[in-house]
Every structure is written in structure tokens, then in C-alpha cells.
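Okay, structure first, notes after.
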Amino acid sequence: MARKDTVNALIRRGVSAKVSEALANANFKIGDLKKAPFELITQFISEEDAEELLKLIGAKKTHIDKEQLKAASKKKAPKKETKKKDKEIKPRMDFKMPDKVPKMTDFEKKISTMAIKLGTPLPLALVQKVAAKVKPLDEKEMKIFIEEIVAIYNRRLIDSNESAGIVSAQSIGEPGTQMTMRTFHYAGVAEINVTLGLPRLIEVVDARRTPSTPMMTVYLKDHVKHDLDKVKMVASNIERTQLIDVATVETDIENMQVIVKLDQKKLAEKNIKIDEIKSSLEKERKLKSDVLVEGKKMLVIKTEEASFRKLQQIFEIVRDCKIKGIEGINRAVIRMSDDGYIIYTEGSNLAKMPEIEEVDPSRTTTNSITEIYTVLGVEAGRNAVIKEAGATLDEQGLTVDKRHIMLVADIMTNDGDVKAIGRHGISGRKSSVLARAAFEITSAHLLKAGLIGEVDALDGVAENIIVGQPVTVGTGAVNLVYSPKKRRNK
Amino acid sequence: MMASRPKRGVSKRIQYIKFAHISPEEIRKMSAVKVITADTYDDDGFPIEMGLMDPHLGVIEPGLRCRTCGARVEDCPGHFGHIDLAMPVIHVGFIKDIKRLLQSTCRSCGRILLTEKQMEEEEELRFMLGSLGGDTTDFDHLMKRTAKDASVRTVCPHCDAEQLKITLDKPTTFREEGHKLTPKEVRERLERIPDEDLMPMGLNHKVSRPEWMILTALPVPPVTVRPSITLESGERSEDDLTHKLVDVLRINQRLRENRDAGAPQLIVEDLWELLQYHITTYFDNQTSGIPPARHRSGRPLKTLVQRLKGKEGRFRSNLSGKRVNFSARTVISPDPVLSINEVGIPIKASRELTIPIRVNQFNIDIVKELTSRGIAPVGPHGEYLPGVNYLIRVDGRRIKITDRNAELVSEGIEIGQTIERQLVDGDIVLFNRQPSLHRMSMMAHKVRVMPHKTFRFNLCVCPPYNADFDGDEMNVHVLQSPEAIAEGRILMLVQENILSPRFGGPVIGGIHDNITGAFKLTHNNPLLNKADTSMILSKANIYDWPEPTIVDGKEMWSGKDIFSIALPDGLNLIYKSSICQQCDDCKEMNCDIDAYVMVKDGQLLAGTIDEKSVGAFKGKILDKVSRDYGADAGRIFLETSSKMALAAIMITGFSTSIDDEDIPEEAKIQILEQLRQAIEKVGGYVEAYREGTLEAMPGRSLEETLEVEAMRILGKARDGAGQIAGRYLGLENSAVIMAKSGARGSMLNLSQMAGCIGQQAVRGERISRGYHHRTLPHFHKYDLGADAKGFVTSSYKVGLAPTEYFFHSMGGREGLVDTAVRTSRSGYMQRRLINALEDLKVVNDSTVRNTANTIIQFKFGEDGIDPSRSVQGEAVDIDDTLLKVFGDKRFKNIAKELKAAGGE
Ligand SMILES: [Mg+2]
Ligand SMILES: [Zn+2]
Ligand SMILES: [Zn+2]
Ligand SMILES: [Zn+2]
């Protein structure tokens with residue numbers, strides 16, 4: 001889209017179609033061209049064309065030093081990076097990592113060392129559970145008991161060559177047939193709709209960029225969370241408010257202007273001042289007209305040219321103008337909990353949350369896995385997959401061992417980003433050509449494999465079934481060969 | 001296939017398969033015949049030489065020998081031929097690659113349009129990607145980026161030639177600034193690209209030269225790939241591929257003639273394009289932008305891509321899933337006296353299904369005896385005896401045994417030969433029901449040969465298969481090799497799968513009458529006389545009687561004592577059963593309704609045995625016995641307890657009927673009154689809404705508020721009606737017993753039958769659509785009251801009013817649609833999950849890895865515990881272990897000390 005727009009815009013300014021195409025292909029936008037140094041432009045078009053171009057778009061010829069040229073020739077689009085730098089947010093230093101895994105107490109350490117001495121390091125969770133129950137035991141009893149625990153633990157370990165993947169996939173897929181398909185109200189917050197059941201589970205394993213019903217749970221800092229007035233303030237600062245929410249907007253055809261009549265009650269509720277509205281209207285880039293304040297509750301916006309289309313455009317811009325709140329958050333609902341007030345939001349924008357003073361960013365969370373991944377990283381993304389998939393299954397009353405969900409989350413996040421289960425994710429990136437061909441888009445995979453001379457090492461399950469050999473998991477992974485000893489002739 | 005069965009023992013594996021493109025020279029070199037005529041058979045029905053059915057291409061008729069390799073049908077794999085194309089033609093499958101190559105290489109010198117520096121950078125990136133373990137998709141992205149970098153350049157950095165813009169007219173026409181490029185020209189350009197410049201564009205010159213993507217010779221697949229079939233009428237019908245090849249040959253011939261005759265350029269070009277069309281559709285008949293080639297009947301032809309693609313394609317239908325021998329399918333029916341490990345196989349199937357037995361010095365006499373009996377032997381009382389169907393000689397020849405030759409063949413049996421023996425009791429077979437959603441959908445059973453024509457199995461095995469007997473069919477597969485049989489017995493046998501890997505609890509267990517029976521036997525501990533007790537014990541094959549209780553001088557046996565026989569010694573358990581009412585203050589052993597279960601040292605001291613004890617998914621006793629005492633003990637407990645339960649239910653008999661939902665008149669009045677009040681209340685809200693006095697809930701509109709309130713009030717009314725009905729439905733009622741014990745049905749079902757069905761909903765809301773501003777023509781427009789929006793006051797027993805019936809159907813339909821959509825959606829999700837995870841396995845260092853040997857997890861599930869061995873997900877049940885190690889008294893002390901210390 002953007003490319004096409006650039007081409008059209010250039011042609012409209014009298015640049016030849018060929019040059020426009022070449023520039024658009026090189027990812028230039030008009031704004032970039034105005035600022036771009038001459039050397040950069042001539043990389044893609046001839047010098048004469050470039051001279052002409054600069055004249056047509058009304059830009060000065062600028063040159064750059066060699067350093068910049070070098071940077072520009074690197075393939076990554078250099079323009080975007082500079083843009084980002086302007087908006088760089090200062091890192092907040094009061095960010096404290098919460099202790100999610102409590103440190104081992106001395107007693108726990110003792111148990112842990114006992115187990116290690118027995119040759120089996122026990123997982124932390126188990127050590128902690130044991131520690132909570134064996135305090136009253138004396139030294140000798142403790143030894144006997146830990147020995148027993150270690151023995152049981154070893155007995156219950158998973159076998160080598162177990163096809164853990166298939167078992168996990170089945171364990172998550174099989175209950176899918178028993179799930180519902182409907183959207184429900186979020187437990188405790190009737191105002192917010194959330195997708196649950198099978199559609200949600202599919203969404204999670206698909207690693208969809210935005211969930212169909214994004215939602216955030218915003219926790220507040222200790223000094224705010226018990227103060228309802230402050231919480232309301234925070235909520236109204238989070239909730240995206242458009243002008244239409246606090247005013248009636250009308251078009252006055254006679255005078256060719258748009259009239260905004262403010263609702264004082266709602267303004268007070270949301271704590272918005274008329275000046276704020278004026279300034280946010282003025283910030284609206286597409287709106288080039290002047291905003292006049294008339295009295296205490298009226299704003300008038302005049303059109304620059306007298307056309308109905310323009311008037312209608314202005315009307316729409318004014319109506320949808322964001323005057324407060326955070327992009328993407330359509331509603332904020334306050335609920336009491338054991339731990340003070342919590343804000344639930346319809347819509348999600350986790351990245352903006354740490355910027356709000358009153359919000360406790362260490363606990364605030366969203367149901368959008370991609371957002372968690374982009375804001376907090378892969379490990380958080382992995383945990384989000386586990387949490388969301390687990391909660392979806394739990395809510396349906398289906399018990400699935402956490403380990404299966406972990407495996408799915410781990411394979412989705414193994415490469416360092418969140419990949420979907422399916423043709424565009426894991427399945428499309430398998431190392432085996434045959435396995436990929438057998439899943440989806442068969443012919444494309446086969447033809448492509450020939451192009452680069454791919455080698456299928458026949459290590460996986462699908463490809464071995466295809467060629468008719470035992471598979472490489474489970475009992476197929478081992479070979480038992482009986483070689484009878486020749487009897488010695490005495 | 002049959003003659004050349006591979007020898008057992010050493011098996012060779014294919015090490016790898018390498019993919020590459022084939023050059024025209026190679027096509028010609030491997031060709032058995034150059035095909036030039038479009039005709040297939042002559043008038044006498046013989047294949048025409050150098051035609052599409054040339055005998056050099058392989059044989060499809062039995063008896064004939066291949067002209068190329070001299071083998072018969074079974075052994076000749078078929079041989080490729082080729083067609084020399086008069087003019088080069090583009091291969092559609094590579095159209096995008098050709099486009100990329102043309103756009104990013106110089107039109108005059110053929111070099112890639114990158115500067116030396118860019119090339120270096122590209123190579124560096126590529127090398128880095130390789131060392132970081134990039135997969136094909138990653139390389140693909142890099143290659144596309146490189147191609148884009150090259151194609152934006154308008155001047156060749158190597159020879160300074162100006163580049164023109166190349167576009168693709170779908171599907172196969174290239175244009176350079178509007179001027180058409182013929183495949184010949186395209187081929188010439190591709191030929192010019194030097195080998196070194198191919199790698200950045202995603203081609204490996206060692207296996208694929210770009211000009212090979214423009215065909216000059218077309219391979220003709222062997223006839224074995226496209227056999228012609230003779231219809232009943234004697235008419236020959238050719239394969240779709242043959243049809244398409246005929247078209248190619250015809251046009252190719254005409255093109256050559258015209259070209260050689262110096263025909264006008266226009267005609268040659270038209271024919272060339274036609275040839276391009278035919279070859280394009282020969283590869284892929286669903287190419288977008290051109291009409292698919294059709295059969296005379298109008299059916300689109302199935303050409304190469306269509307043969308491979310999709311669910312019915314070669315890959316998914318023939319390669320990933322294969323047809324097998326030694327299998328059978330029929331209807332299933334229940335048999336509660338079979339062991340859970342067994343499956344009843346009809347005699348008729350048993351005679352067809354065989355197991356190969358190698359003759360050796362130890363079994364030769366038995367084998368001879370078996371063989372001499374013929375193919376359908378019966379015992380002295382007409383009972384089934386196994387026969388032998390085939391003798392396989394050392395050279396692989398099979399001899400079919402008949403009643404006539406049985407004696408003769410049997411005498412000639414030698415060591416080293418193999419016989420195929422019919423099934424006998426105890427053979428291991430795999431039993432399966434589709435959809436096979438988890439591994440318990442295919443378990444090993446021991447054969448019981450039985451009369452009649454259905455497969456039979458114990459009802460406790462219904463849950464893992466998700467089977468019922470309303471016409472379900474299932475499959476058996478008879479295991480053939482000793483290795484497979486051993487694996488089946490050790491890993492796949494039903495008793496080994498009682499505990500599910502999904503949640504670490506039982507998936508096999510009592511259902512329906514098993515639970516009701518156990519309830520009847522144990523609830524409030526009934527006393528049974530000697531006759532009844534003896535009946536129960538004999539059904540369960542128990543001969544050691546428990547100690548009797550003397551009541552009024554008579555020997556009586558209590559139900560709990562009888563049930564305790566099934567419990568293994570040393571079993572200790574405490575939990576609440578399904579019938580528990582979750583009282584705030586549990587009276588434990590003195591529970592009013594006998595819901596507190598206590599098992600001590602294998603003795604049931606208190607509580608009712610129901611779904612929470614022996615049921616599938618929930619049975620606690622079953623869970624503990626099969627985990628702590630082993631699979632055998634689990635099986636024995638399940639079989640004994642379920643047989644006792646069935647015997648117990650037979651003492652009094654058990655049935656439910658419509659009068660189980662009878663409630664007294666006063667209750668009916670109460671229910672009606674409550675419903676009336678609720679409806680009135682809703683009416684009040686509607687009134688308030690109309691008058692504008694209704695206060696909107698925060699964040700909701702008035703309409704929404706009204707709906708929420710109505711749903712809430714009417715929901716409460718339904719529950720209220722259910723509660724009133726429930727008060728008159730006690731545990732003496734069969735339907736209630738079933739619902740409360742978890743055998744079948746729920747209290748909600750009952751209250752809908754006896755009390756009120758309640759609000760019908762579509763998409764979670766009251767019914768609102770149908771007619772103009774109303775749901776049904778029976779109501780006034782804009783009626784928002786309870787009955788006009790789908791509230792059903794009647795009970796199922798009373799029957800529904802016509803309007804209610806409509807509403808009920810609307811709600812019911814949503815349920816049906818939901819199920820239909822769900823099965824397909826969850827099926828696809830399951831397929832994707834399996835495909836993504838199938839290669840993961842736990843290797844010897846306890847890490848989980850994929851086929852690329854990447855570590856996915858350092859320990860499975862972070863602690864390395866097998867979920868099917870866990871206690872509902874926990875690695876170790878600590879309380880239980882404490883009890884086991886230190887005994888009851890010490891355990892109680894520990895608990896007390898903990899409590900005193902402020903712990904749990
Ligand atoms: Mg059925
Ligand atoms: Zn042959
Ligand atoms: Zn050149
Ligand atoms: Zn109780």
C-alpha cells in the first residue's frame with residue numbers, strides 16, 4: 001500500500017514513472033526523500049534524475065559524510081531507526097524484579113543436599129513441598145524419608161526415547177473436542193467479553209498477533225490501590241476517550257462549521273478540561289482548521305474551503321478525536337479484590353503501562369501473548385503461552401498436565417520468538433522436506449527442495465512413515481540384535 | 001510383493017534422500033523410449049511402439065514381460081520415456097523463481113545485479129545464518145531480500161547495461177517493458193547466469209541450473225504410474241495423465257511441422273502457447289489464470305500436482321497412511337464378563353486373520369498337527385479350533401491350504417518354513433476406534449474367539465475409545481512379528497494404559513451400572529443374606545468368604561465387607577465421594593449420607609463407593625491401586641469390583657421410568673408460583689425499561705441491563721424450581737441415584753424433567769430474532785416479557801407448549817451446529833499440534849530434542865516426570881509417602897506437630 005502511495009505521490013509531482021518506481025522499490029517515502037542525502041538517492045537513480053527530482057519535490061541538495069553513507073548502504077532501513085531514537089523513553093530505574101521463586105531456606109538446602117548425596121538432585125518445587133511437611137521429623141527419620149522420596153521420584157521419571165511430543169500434542173488436542181465455542185463474560189467482570197474455549201485455545205497455539213478479545217489486568221501500586229478516587233483517576237487516564245464520549249458533535253451546514261457541545265457532567269467525571277480538548281484537537285494532524293472556544297461548553301471548527309465533503313471529513317475527525325487515554329484501550333473497569341482495587345481493561349496496550357506512575361508494572365498483565373513477548377521478551381512469552389493455554393483448559397474443567405502445555409510453549413518459543421503451531425510456524429520450518437510436503441502446500445515444498453538440493457536425513461516420524469521404515473521415537477529408536485554365541489567345540 | 005518378502009532380522013535403513021533437479025540430458029539419458037506418436041493402442045489392442053503405452057515403459061498386464069528390464073508385472077518398477085519438445089516451454093512450478101532470476105540478473109551479461117561489496121555482505125549473512133542454524137524459511141527470507149536488492153538496480157554494476165523492467169503475466173508469460181519474452185529468450189538469459197551468482201538467489205548450481213526450469217524435454221512417466229483400465233464393456237479407459245500427454249504430443253507434433261515448414265510466425269506462436277498451456281496443466285491443473293483442462297465428461301483432469309496434494313493426495317492418503325492386511329472391522333457390542341484386556345473376535349474373522357509361525361525343531365510336530373486339520377477345524381463339541389491358511393516355503397512361495405491338501409501339505413512341512421495360523425485365545429491384537437485422538441484409542445487386547453458377528457469388550461474400556469454401542473464400528477489389527485507382539489503386550493495392553501498421560505489419572509474405569517451397582521452395594525452398608533452374597537462372590541470368582549455379621553442369629557454379610565474383598569491389602573485412602581453435599585462442617589465418619597470414604601488396610605470402613613471411587617477419570621481407588629500396586633492389580637480390582645457391582649445390581653434390579661420424575665401436587669403448585677413470580681418480576685423490569693425508570697448498570701446500555709436482569713431472574717427461577725423438585729426426589733429414587741453417584745445424568749436433567757426447562761438461549765442471549773420485532777407470531781410486537789423471549793416454564797414431563805417447542809428447537813439447533821463446527825476445528829488443531837510436535841523425543845541425557853537435534857527442553861516438563869506416572873501431576877504424594885513410611889500413628893503425630901508449629 002505504502003509503496004503504491006509513494007509512487008502515485010511522486011508521479012503527481014511530475015516525477016517520471018520509472019524513477020518513482022525505482023525510488024519506491026528502494027523503500028523511500030516522500031518525507032525521506034526531502035531529507036535524504038544526494039548520494040543515497042543516486043544509488044538508485046541516475047544523477048540527472050535525482051537533480052530533477054529534488055527540484056520537483058522542492059528539497060535542497062544535501063550531502064553526507066562517509067560514515068553516514070556507509071550506514072545507509074547497509075540493508076536495514078536507516079530511516080526508521082533515527083525516528084525511533086527521537087521518541088526514546090528513559091528506562092525507569094525503580095523497576096524491581098519480583099521474587100517469583102523464593103530462595104531456598106537452610107532447611108530446604110539441607111533436604112536438597114541430602115537428595116544430591118543420594119545421586120538424584122530433586123526439583124526445587126518438590127524440595128519445598130517436602131520441606132513444608134517434614135519439619136517434625138528427626139535426623140534418622142528424615143534420612144529414611146528422603147531416601148523413599150528419591151526412590152519414588154526416580155521411578156516416576158519419563159523413559160528415554162519416549163515420544164513426548166506426540167503425547168503432549170494428543171493431550172492438548174484430545175480435550176479440544178469437549179470444549180465449547182462461545183464467547184463469555186469475564187469471570188467477575190460482566191462488562192468485559194472474553195473468548196474462551198476452543199477458539200481461544202486455537203488462538204493461543206496460532207500465536208495470533210492480536211487476540212480476538214484483548215484484555216489487561218492492571219495492578220496498582222500500594223499507595224494507590226486502596227484509594228478509590230485515585231483508582232478512578234487512573235482508570236480514566238487509561239481508558240481511551242474520544243470526543244464523542246463527552247460531547248455532541250454537529251455539523252452546521254449553514255455556516256459550514258462543526259459545532260462541539262460539551263457535556264459538563266461527563267467532563268467532570270473524566271476530569272477533562274476544555275483546554276485539553278482544544279489542544280488535542282489541534283494536535284490532530286489531518287485537521288488543518290482552527291479550533292475556536294466559545295463560552296464554557298462549546299467549540300467551533302470552521303472549514304478552510306467550502307465543500308460538503310470537507311465538512312463531513314472534519315466532522316469525522318473531530319468526532320473520533322482522542323482526547324485522553326491510551327491507544328487500544330476501549331474500556332476500563334474497576335473491581336475490588338483482596339488486594340485493593342484492580343483495573344480490568346477491554347483492549348490491551350502493555351507497552352504503555354509502565355509509563356503510568358500509579359501502575360504496578362511488575363504484576364500488570366495482558367492476555368495478548370505477542371504483546372508480552374514484545375514488551376517483556378521470549379521467556380515471558382513462553383510463560384504467557386503456558387498461562388493462557390492452561391487457563392483456557394482449566395476454565396473448561398479439563399485437566400491437562402502442565403508439562404504438556406510447557407512442551408508446546410517451549411517449541412513455540414524455541415527460536416527466540418513466538419512461532420505459531422502450523423504451516424507458517426513450526427510445521428513450515430521442519431528440517432525434513434517430506435514431512436513438510438506431507439503437511440500442507442505439498443508441491444511447493446518439493447519443487448523448492450530440488451532448487452537448493454535439500455537433503456532429507458529421515459530423522460523424524462512423518463518422513464520415515466513415508467518411506468516405510470520404523471520411526472525414530474519410542475521402540476523404533478532402539479535396535480535389539482541377538483547374536484548367538486557360537487558353541488565352542490570342546 | 002508377496003514373492004519377495006524381505007528376510008527378517010537385519011533391516012537396512014535409508015540414510016538420506018537428496019532432492020535435485022533433472023537436466024534435459026539426464027531426462028534423455030534415463031529415457032527408455034522416445035515417445036513421438038500420440039496414439040496408444042492399435043486396432044488389435046496392442047501398444048504402439050514409440051507411443052505412450054510403449055512396452056518399454058513397463059508392464060501393467062500380468063503375464064507379459066517388460067521390454068526394458070525383462071521382468072514381469074510384480075518386479076518391473078516401470079521406466080521413464082521422454083518427449084523432445086519442438087520449442088522450449090516454461091515449467092509452471094518454477095515461475096516465481098524464474099521471475100526472480102530474470103529480475104535480479106543483468107539482461108546482457110547475466111551477472112547478478114549486486115556490487116562486489118553487496119555480494120560479500122550477502123555471503124557473510126548467509127554464512128552467519130547457516131552457523132546460527134537457520135532453517136529453509138530463514139534462507140528463503142534472506143534470498144528474497146537479496147533478490148529485491150538486486151532488482152531495484154537499474155544499471156548493471158558489471159557491464160553498465162541498462163536494465164528494463166520485467167513483469168510476469170500470470171501464469172506463464174514474461175514481458176520486458178511490455179515486449180513479450182519467449183521461453184526461448186528466457187532460457188537464453190538463464191543460461192548466461194554464471195554458477196557463482198546462483199547461490200545468493202537460492203539456487204545450488206550443483207543440483208540445479210536455472211535453464212533447466214525451461215523444459216526442452218519432457219519426461220514421460222512409466223505406464224505403471226498411469227495404468228489404463230478396461231471397462232466392463234471392453235472399452236479401454238486411459239488415465240488422466242495419459243490424456244494430457246496425448247494433448248502434449250499432438251500439439252508438439254503440429255508445432256514441429258509448422259515450424260519446419262516455415263509457417264507464419266503468428267501460427268507458430270499460437271501453437272507454442274497452446275503447447276505451453278498443455279504442459280502447464282499437465283503439471284498443475286489448478287493453475288490460477290487459466291481454465292483447467294477437462295475430461296470429455298466435463299470433469300477437470302487430475303494431473304501431477306493434484307495427485308500429490310491434499311487429503312486424498314499421494315502424501316496424506318497413501319504415504320502417511322497406508323492400507324494394511326491382517327485387519328478386520330465390524331460393529332462392537334458390550335460384554336461385561338470379558339477381562340478388560342480381552343476382545344471378543346467373531347469366529348468368521350478369526351478364520352481369516354492369521355499369525356505367521358516359523359517352523360523350528362520344537363514346534364514342528366504341533367505345526368504339522370495344526371496344518372493337517374485344514375482350514376476350518378472344530379473340536380468334539382463343535383467348538384472353534386485354529387487352522388492354518390497358508391504355508392510359506394523357504395523360497396517365499398505361498399501354498400494355500402485347503403481341506404483337500406491339508407494332510408499332504410502338513411506331511412511336507414520342514415524346519416525353516418512358515419505357516420500362517422488362525423487366531424486363538426490369547427493372541428495379541430490391536431484394537432482401535434476412530435477418531436484416534438490419543439494413544440488410548442489404539443490398545444492391545446488378548447483375543448477371545450467367540451460366536452456371532454461383533455467385536456466385544458468390557459464396558460470399562462469404553463471411555464478411552466469414547467465408544468458406545470449404538471452402531472459404532474471398530475478395527476482390529478493382528479500383530480505379525482514377535483517384536484511387535486512383545487511391544488503390544490508390554491506397552492499397549494489395556495491394563496498398562498489405565499492411567500492417562502494427559503492428567504495422571506485413570507481413563508479406564510466403571511461407567512453406568514458399574515457405578516450404580518457399587519453404590520447399591522455399599523451405600524448405608526446393606527446387609528445381605530447368604531444366597532445374595534454367594535451370588536455376588538461367585539460372579540466375581542471369589543471363593544474366600546469374608547467374616548459374616550450375625551444378625552438375629554442369622555449369618556449376614558455387609559456390603560462394605562463384600563466390596564472390601566476387591567481392595568488390595570494395605571490400601572489406605574480417605575476422600576469424599578460424589579454424593580457428598582459439601583457440608584460446611586464435615587462430620588467425617590459420621591456423615592449423614594455416608595459420603596465420607598475411608599479405606600484402611602484394604603478394608604472399606606465408611607463411605608459410599610461411586611464415581612469418585614471406581615469411575616473412569618475420577619476413580620480414586622482405581623487410580624491408587626493401579627499406580628502403587630501395578631497394572632495387574634489395577635486390572636484385577638477393576639474387574640472384581642465391576643463384576644461385584646453388576647451382581648449387586650441384579651439382586652434387586654434397577655430401572656428408571658417416567659414416574660421417577662413424579663412430584664407431589666403441592667410441589668407443582670410451589671414451582672408454578674415461583675415461576676409466576678419470576679415472570680412477573682421480569683415484567684416489572686420491562687415496564688420500568690419502557691417508562692425509562694430502569695437504571696442502567698455501569699458500562700451497559702438500558703437494553704443490556706434489561707437482558708442481564710431478565711436472564712438472572714429467570715435463571716434463578718429455574719434453579720428454584722429444580723430445588724423444589726429436588727426436595728421430593730430423594731436417594732430412594734433410581735434417577736437420583738444415577739445422577740448423584742455419577743453413573744448417568746445430572747440433577748439438572750432431572751429438574752428439567754420434573755420442574756422447569758428454563759430459559760432457551762441463542763448465542764448466550766434470550767431469543768430475539770425471528771419475525772418483525774417479535775420472536776414468533778404468537779406474541780405482540782415489542783413484547784420483551786419472559787415467555788415471548790424464550791422462557792420455557794413447562795417441564796419435559798408435562799410437555800412443551802407450541803411456542804416453547806419452537807424456542808427449544810432454536811436453542812437445540814445451536815447445540816448441534818456448535819458440535820459440527822467444533823469437531824472440524826479441533827480436528828485441524830490436533831493435526832497441526834501433532835505435526836509440530838511429532839518429532840520431539842526424550843533422549844538419553846533426559847533432554848527433549850527435535851530432529852535437528854535442537855534442545856527444546858532440558859528436562860521434560862522441567863522435572864522430568866512422566867505425567868502418566870505422576871499423582872495428578874505431582875511427582876510425589878508426600879502425605880501418602882509419610883503415611884507409608886512411618887505408619888498411621890507417627891503420621892498423625894507429624895500432622896499435629898505441624899499444626900502446632902503453624903504449618904498446614
Ligand atoms: Mg456411537
Ligand atoms: Zn521393466
Ligand atoms: Zn551486466
Ligand atoms: Zn459429608
Side-chain angles (χ1 to χ4, degrees), chain A residues 25-26 123 126 129 133 136 145 148-149 152-153 156-158 160-167 169-171 173-174 176-177 181 191 202 399-401 403 406 410-411 414 421-422 426-427 429 431 437-439 442-443 447 449-457 459-461 466-467 469 473 475, chain B residues 13-14 16-21 93 135 137 152 154 202-204 207-208 305 308-309 315 319-320 437-438 487 501-503 699 764 818 822 826 829-830 832-842 844 848 851-852 856-857 860-861 863-867 869 873 875-876 878 881 885 894 897:
Chain A
N25 282 340
L126 183 57
K129 271 179 209 149
K133 298 259 176 169
F145 187 66
E148 178 68 15
I149 295 274
I152 294 174
Y153 177 77
R156 295 191 174 157
L157 286 177
I158 197 164
S160 271
N161 294 315
E162 177 72 82
S163 52
I166 296 177
V167 175
Q170 288 177 348
S171 298
E174 187 259 345
T177 45
M181 298 265 312
E191 291 94 324
I202 291 175
T399 38
V400 174
D401 199 292
R403 296 172 185 88
M406 280 181 190
D410 276 325
I411 196 155
N414 190 263
I421 300 281
I426 317 291
S427 300
R429 290 169 175 265
S431 54
F439 181 59
T442 308
S443 49
L447 292 168
L451 222 52
I452 45 173
E454 261 190 86
V455 172
D456 194 321
D459 285 326
V461 174
I466 286 172
V467 300
Q469 305 189 132
V473 294
T475 49
Chain B
R13 285 187 78 98
I14 304 172
Y16 61 84
I17 295 174
K18 191 169 177 179
F19 290 79
H21 284 168
D135 51 44
T137 319
V152 290
T154 49
L203 258 75
N204 180 353
V207 296
S208 163
V305 168
L308 306 176
K309 216 167 73 173
F315 272 87
L319 293 167
S320 302
L437 293 174
H438 54 187
E487 282 179 22
R502 187 179 104 204
F503 56 94
D818 205 83
R822 190 171 52 213
S826 85
M829 182 188 74
Q830 170 112 341
R832 271 156 42 204
L833 275 169
I834 297 274
N835 193 278
L837 297 173
E838 65 187 350
D839 298 332
L840 304 188
K841 69 176 180 189
V842 180
N844 287 328
V848 181
T851 46
I856 307 296
Q857 285 185 325
F860 175 72
D863 58 3
I865 295 292
D866 184 346
R869 291 170 187 162
V876 182
I878 296 161
T881 318
V885 176
I894 294 167
E897 277 177 62

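A note on names: the letters A, B, ... follow the listed sequences, proteins ahead of strands, and every chain is numbered from 1.
Between F860(B) and D410(A) the shortest side-chain heavy-atom distance does not fall below 4.5 Å. Looking only at side-chain heavy atoms (C-beta outward), V207(B) and H21(B) stay at 4.5 Å or farther from each other.
The contact between N414(A) and chain B is made entirely by side chain atoms (from C-beta outward), counting heavy-atom distances below 4.5 Å. In this structure, the portions of E838(B) lying under 4.5 Å from any heavy atom of chain A include both its backbone and its side chain. Within the 4.5 angstrom heavy-atom criterion, atoms from both the backbone and the side chain of D866(B) approach chain A. For a residue to count as touching a neighbouring chain, one of its non-hydrogen atoms must lie under 4.5 Å from one of that chain's; by this rule E454(A) touches chain B with backbone and side chain alike. V876(B) touches chain A through backbone and side chain together, each having a heavy atom under 4.5 Å away. Residue contact with chain B, scored on non-hydrogen atoms closer than 4.5 Å, involves the backbone and the side chain of I166(A) alike. Residue V167(A) touches chain B through its side chain alone, counting heavy-atom pairs closer than 4.5 Å. Heavy-atom distances place both the backbone and the side chain of S427(A) under 4.5 Å from chain B.
When each of V842(B), V885(B), L203(B) is checked for heavy-atom pairs under 4.5 Å with chain A, V842(B) comes out on top. Ranked by heavy-atom pairs under 4.5 Å with chain B, the list I152(A), L157(A), I149(A), D459(A) is led by L157(A). Interface summary for chain B: among S163(A), P123(A), S431(A), A438(A), the most heavy-atom pairs under 4.5 angstrom belong to A438(A). Comparing L308(B), V305(B), L319(B) by heavy-atom pairs within less than 4.5 Å of chain A, the highest count is held by L319(B). Chosen from T154(B), D863(B), I865(B), I834(B), the residue pairing most often with chain A at heavy-atom distances under 4.5 Å is I865(B). By number of non-hydrogen pairs under 4.5 angstrom with chain B, the leading residue of L451(A), V400(A), D401(A) is L451(A). When the candidates I17(B), L437(B), N835(B) are compared by the number of heavy-atom contacts under 4.5 Å with chain A, N835(B) comes out ahead. The most heavy-atom pairs under 4.5 Å with chain B, out of I202(A), V467(A), V473(A), come from I202(A). In terms of heavy-atom pairs under 4.5 Å with chain B, the best-connected choice from I426(A), T442(A), L447(A) is L447(A).
Qualifying side-chain hydrogen bond (donor to acceptor under 3.5 Å, both in side chains) partners for E162(A), counting only residues two or more places apart in sequence or in other chains: none. Every side-chain contact (heavy atoms from CB on, under 4.5 Å) that S160(A) has, sequence neighbours left out, goes to N844(B).
Looking at R429(A), its side chain never comes within 3.5 Å of a backbone N or O of T137(B) through a donor-acceptor pair. Between the S208(B) side chain and the N204(B) main chain, no donor and acceptor come within less than 3.5 Å of each other. Side-chain atoms of R502(B) never come within 3.5 Å of backbone atoms of Q170(A) as a donor-acceptor pair (strictly under, hydrogens ignored).
Looking only at atom types and distance, the side chain of T881(B) has no donor-acceptor partner in the side chain of E148(A) under 3.5 Å away.
Annotation for P501(B) and P867(B): closest pair O-CB, 3.3 Å, computed over non-hydrogen atoms. Contact record, G173(A) with L833(B): N-CD1, 4.1 Å, taken as the closest heavy-atom pair. Contact detail for E174(A) and Q830(B): the closest heavy-atom pair is N-OE1, 3.0 Å.
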